[in-house]
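Please read the structure below before turning to the comments.
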Amino acid sequence: MWRSGGRRSLGVLRRLSGGSAHHDVQRWRSDQACERALQYKVGDKIHGFTVNQVTSVPELFLTAVKLSHDNTGARYLHLAREDANNLFSVQFRTTPMDSTGVPHVLEHTVLCGSEKYPCRDPFFKMLNRSLSTFMNAFTASDYTLYPFSTQNPKDFQNLLSVYLDATFFPCLRELDFWYEGWRLEHENPSDPQTPLIFKGVVFNEMKGAFTDNERIFSQHLQNKLLPDHTYSVISGGDPLCIPELTWEQLKQFHATHYHPSNARFFTYGNFQLEQHLKQIHEEALSRFQKIEPSTSVPAQKPWDKPREFQITCGPDSFATDATKQTTVSVSFLLPDITDTFEAFTLNLLSSLLISGPNSPFYKALIESGLGTDFSPDVGYNGYTREAYFSVGLQGIAEKDIQTVRDIVDRTIEEVIENGFEDNRIEALLHKIEIQMKHQSTSFGLALTSYIASCWNHDGDPVELLQMGSQLAKFRQCLKENPKFLQEKVKQYFKDNQHKLTLSMKPDDKYYEKQTQIETEKLQQKVNSLTVKDKQQIYEKGLELRSQQSKPQDASCLPALKVSDIEPTVPVTELEVACAAGEIPVQYCAQPTNGMVYFRAFSSLNTLPEELKPYVPLFCNVLTKMGCGILDYREQAQQIELKTGGMTVSPYVLPDEAHLDTYEQGVLFSSLCLDRNLPDMMHLWSEIFNNPCFEEEEHFKVLVKMTAQELSNGIPDSGHLYASLRASRTLTPAGDLQETFGGMDQVRLMKRIAEMTDIKPILRKFPRIKKHLLNCDNMRCSVNATPQQMSQVEKEVENFIRSLGRSRKERKPVRPHVVEKPAHNSSAGSPQVNGSQIIRKLVTDPTFKPCQMKTHFLLPFPVNYVGECIRTVPYSDPDHASLKILARLMTAKFLHTEIREKGGAYGGGAKLSHNGIFTLYSYRDPNSIETLRSFGKAVDWAKSGKFTQQDIDEAKLSVFSAVDAPVAPSDKGMDHFLYGLSDEMKQAYREQLFAVSHDKLTAASNKYLGVGKSTHGLAILGPENAKIAKDPSWIIR
Ligand SMILES: [Zn+2]
């Protein structure tokens, strides 16, 4: 995997709260791990390491222990925190000086076997032998990171052993280099008459990555703004440079970069530090002596005058306006990220400049109507040694480039002149407070990513974590100097000559030209081959193929057993009570650190069919258009000042017992600090009772941004779009899911964004409101601390009493509605007042599934393939068998066929809660061939050619997902949304344990074979002659 520069840059604040959370709730209250870590003394010697610093970081509930390894100088940071989801990572500073992708190819190749574990792909194999909650590897611009996390101590040791051996003692065989990096091979390896072409996992991955225009832009931005050293090259590899890399260079790069003296080790969680140190010392570090790595990045020499560049990209077929596909941004070099307070300040300053409708750049650029959205990497980018700030627009006309540049300059002048409103600064500091309190399930991972860049350049990671003291210092600076921020803007933006203007416009011939350059490169290589070379290439191709076809022995790898899996589900205590006499409210008491999480679900059953396609847009803008006396700016201000976010999204919820039954509705979600609950509930009440749909210009802006986001998301989520479309005709819910979130929705948004008169759309919203924003068919849920519950009850009661009811009872649009009580949990949680969550499900007894094959033409050189099969609902015992089967097919068949042999970036099978069995591929050079592989996978499953060991591995893998940690904010959601009780989950768990070889082959035969169940197919990808000729395909 590869992360380009600032691509994932979400900024400090958003990064830290990222993801959905996780902790062992009961333990959360004690802080044993932190206490224990505070006992270490500076100078303590532990297993070859010396303790250098011990710091309590109360704002993040952790203790930081910094150590160094005596013999090698390896650095180590342990963050002790009472969190069972323990994490390990090792990070190497990898600073390539060319675009051959050497660090990226190395990241792949070290995973092809090591001294102790000489089997290929230990990560993929460990996925099935472990209960890990996360395993991966990333190549960033200047480091390579290998993280994993797990809640099981034995698993931690197993994974640590595999990670250490892979990174420090990899085999790096020549064949692996060809396979992962690049090679020349016959199109059909067994036929020397077919032409020679470039192949290789990284080669294909990078070709796929650069079909994403935002990524092309980000990459060039970094390369051109920091042109003097490692940031001028593509660490992931330029597909046209990758074929220059040699095996020797790869081995050399490993020897100089993957050395303990160039490594930073990180551990997080509540496991014992001593055990980690002992294992790392004994299994790896004790075998090395110190070296002086020359991997540091020198400071970028500042420019004496601004620079400009123009680049091109492929056309965007979903662009709302074909003449407006140009992107332009202005970027400024900022100071070294190791100056942590300056970085903190500039990060906050960037948020003030660009976040939300009240920020100066939003007002000046987004609301100018010139473009569709901000340019990629907008805001603060702290992933390179010197940070940078970038701002601009995408989706503009080429002639407006200069206008955008002028607006940027003018806005900077205005900010220097006027500064920021106090209220906006307060809102931002409030946001940081929330983000420190909100618990994420992947907090260890968020922390390791947060400190990686700064630590990589020898900054102090502990200082970075002490956000409380940084915040205090920031407030102090503001107090002492009211112009503190304005002066920074002047210094870093106005007076800064290191300023880059980058523009990018589409070229219709872009992909053609890329292909042509590649062909020339290929021709060059092929022409220089001797007869003997060609013979060797042919033989190596065959050797590679035979190696892949050989059954692989993974028995060298450590493994957990099925008996290591927890036999029972943990109980979640829930209470359901009625508010205002009739609206069910689910209460879930959790240690939420002083936060309240409020949700409401409202049914769409009475909404006329023709309005349904507009529900996603309605949801998207509902909290952004103003309400009551607040205009949209004031509303945004209130939401930032009083809440951690208020969002609305449509949901199609499957029934656990019937495939043709589902619930349709909209989920309102929000969070806030305890003290702000009355304000947040007041905002909800205003949004429900008095939403504004008048601001036409602002609405246009929101529509354009949404359409642009959807269009930009296709390269990353193509497989999801393909699967949604493929399952559209298999269940009654499928059609609605496609309407809400599939390619139909992408196209609808494109059409709306192109409308000159948008009023007809706005006029639909009051009609949707009437059916949705009342308490006719509503239920609510709250997660908060037990102490807070009585206060919450009062506020929810007030909120519901403030809502209207329809004067006459509305009839559901579809005639068949079943009322179904959610299954209540057993003795553990008695019902209050006999209240229950009642779900109003829609059913369609006349529904007939049918087959449909759709090909969406996209201008990408890669495909996304989806095949869906209608199977059985969650409560059917066969669901558990199919669940395990999907994992088994992925690990033991599809991975080899689609990724290893087929060259796709990814592919596999999965079974959803809704009973749809999906086979898919991701960034795939093939399409029809992949569908054939899906067929072969089914034959393989039916033949039962797998062992008990294979089944056990699939079980471990499924359970690590089933038992993935759930954040205190999300506990009880299975019950609230899907009506699942702990008993039902326990029953399902037992069915999973009981899955046997016989059950698996029986399920394969019963559901997956041709003619057994209805299949649907969809492909997103370039034109395809075979499909065009086949009339059974619909081409769109
Ligand atoms: Zn990769």
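Indexing begins at 1, ligand by ligand and atom by atom, following the structure's order. For this chain, numbers begin at 1 and follow the sequence in order.
- Between the Zn ion (ligand 1) and the N, O or S atoms of E205, the shortest distance is to OE1.
- Among the backbone and side-chain atoms of E107, none of the N, O or S atoms lies under 2.8 Å from the Zn ion (ligand 1).
- Centred on the Zn ion (ligand 1), the angle running from H104 (NE2) to H108 (NE2) is recorded as 90°, rounding to 10°.
- Heavy atoms only, all atoms of each residue included: I242 and G236 are closest at CD1-O, 4.5 Å.
- Of the listed residues (K513, Q514, E520), just one forms a side chain to side chain donor-acceptor pair (under 3.5 Å) with Q516, and that residue is E520.
- Residues P315 and P506 approach most closely at CA-CB, 3.9 Å, considering heavy atoms.
- Residue E185 forms a side chain to side chain donor-acceptor pair (under 3.5 Å) with just one option from K540, K199, R545, and that option is K199.
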